[in-house]
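Accompanying notes for the structure given below.
Remember, it's a predicted structure, so these values are computed and weren't measured experimentally. Indexing begins at 1, ligand by ligand and atom by atom, following the structure's order.
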Amino acid sequence: MTFDDLIQEMRHCEKCELCKTRQNVVMGMGVPKAEILFIGEAPGAQEDETGLPFVGRSGKLLDTFLNDIGLSRTKNIYIANIIKCRPPQNRDPLPAEWDACLPYLRTQFKFLRPKIVVCLGRIAAQRIMRPDFSVMKEHGTWTVKNGTYFTATLHPAALLRNPNNTPLALQDFRAIQEKINELCDHTY
Ligand code: URA
């Protein structure tokens, strides 16, 4: 299977009920050779309309944090969600939906083999890092698994609701920049 095969498979996926209500599958975007993978939860309305991850208000905020440390979805990172199709009214994904969709992220991970994974928000951190991960207590900490460095930061949508926490995220992004300088070959 190639990366393009995977994209085609996701585009036509009917593994769960979300295929009935979606407008577009939000597969992910970025550089196929990216060393850094950002992972969110699930697409919202604007992502569903465009087929692109993090393009709404929270995505714009994410882009400012990324740009602040020399990262960009068009130049040097990849962004994907765990769930590829929008749950209606942005409800929480159902267990069957997580189970159906997570293998796609695993395959994306295998193709990218990123050096650094950044989970955006509690849900992604708990699914990817540890079921009892506390984003408020443990954001910015690092775990290494099979040579990949995992961390989590606050979800940009949570920061829009509570801007007082923005300095915490900025701190995390600075730490991500330091980790990139330590681990990554490319100049960022
Ligand atoms: N929130 C997410 O977790 N992912 C998106 O793509 C948009 C908002």
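Between the side chain of Arg127 and the backbone N or O of Leu102 there is no donor-acceptor pair closer than 3.5 Å. Between the side chain of Glu41 and the main chain of Ala124, no donor-acceptor pair closer than 3.5 Å is present. A donor-acceptor pair under 3.5 Å links the side-chain atoms of Asn24 to the main chain of Glu49, judged by distance alone.
In the vicinity of Pro53, heavy-atom distances shorter than 4.0 Å reach the ligand 1 atoms 6 (O). For ligand 1, the atoms sitting less than 4.0 Å from at least one non-hydrogen atom of Gly40 are 3 (O), numbered in the order shown with element in parentheses. Taking every non-hydrogen atom of Glu41 and a distance limit under 4.0 Å, the qualifying atoms of ligand 1 come out as 2 (C), 3 (O).
Side-chain contact check for Leu183 versus Lys179: some heavy-atom pair is nearer than 4.5 Å.
Considering both main-chain and side-chain atoms, Ala42 comes within under 3.5 Å of ligand 1 through a nitrogen or oxygen pair. For a threshold of 3.5 Å applied to N or O pairs, the pair formed by Ser58 and ligand 1 contains no separation below that value. Remark: ligand 1 and Phe54 share an N or O pair separated by less than 3.5 Å (distance only, no angle test).
Classified by interplanar angle (parallel below 30°, tilted 30° to 60°, perpendicular above 60°), the ring pair Phe3/Tyr78 is perpendicular.
At a threshold of 4.0 Å, the pair Lys15-Glu9 counts as salt-bridged, since one of the basic side-chain nitrogens sits closer than that to a carboxylate oxygen.
Of the protein's non-hydrogen atoms, Asn81 OD1, 2.7 Å is the one closest to atom 4 (N) of ligand 1.
The only option from Leu62, Leu154, Ile39 that meets the side chain to side chain contact (heavy atoms under 4.5 Å, CB included) definition with Leu120 turns out to be Leu62.
For Glu47, every heavy-atom contact with ligand 1 shorter than 4.0 Å involves the side chain, none the backbone.
Ligand 1 is never approached by Gln46 to a heavy-atom distance shorter than 4.0 Å.
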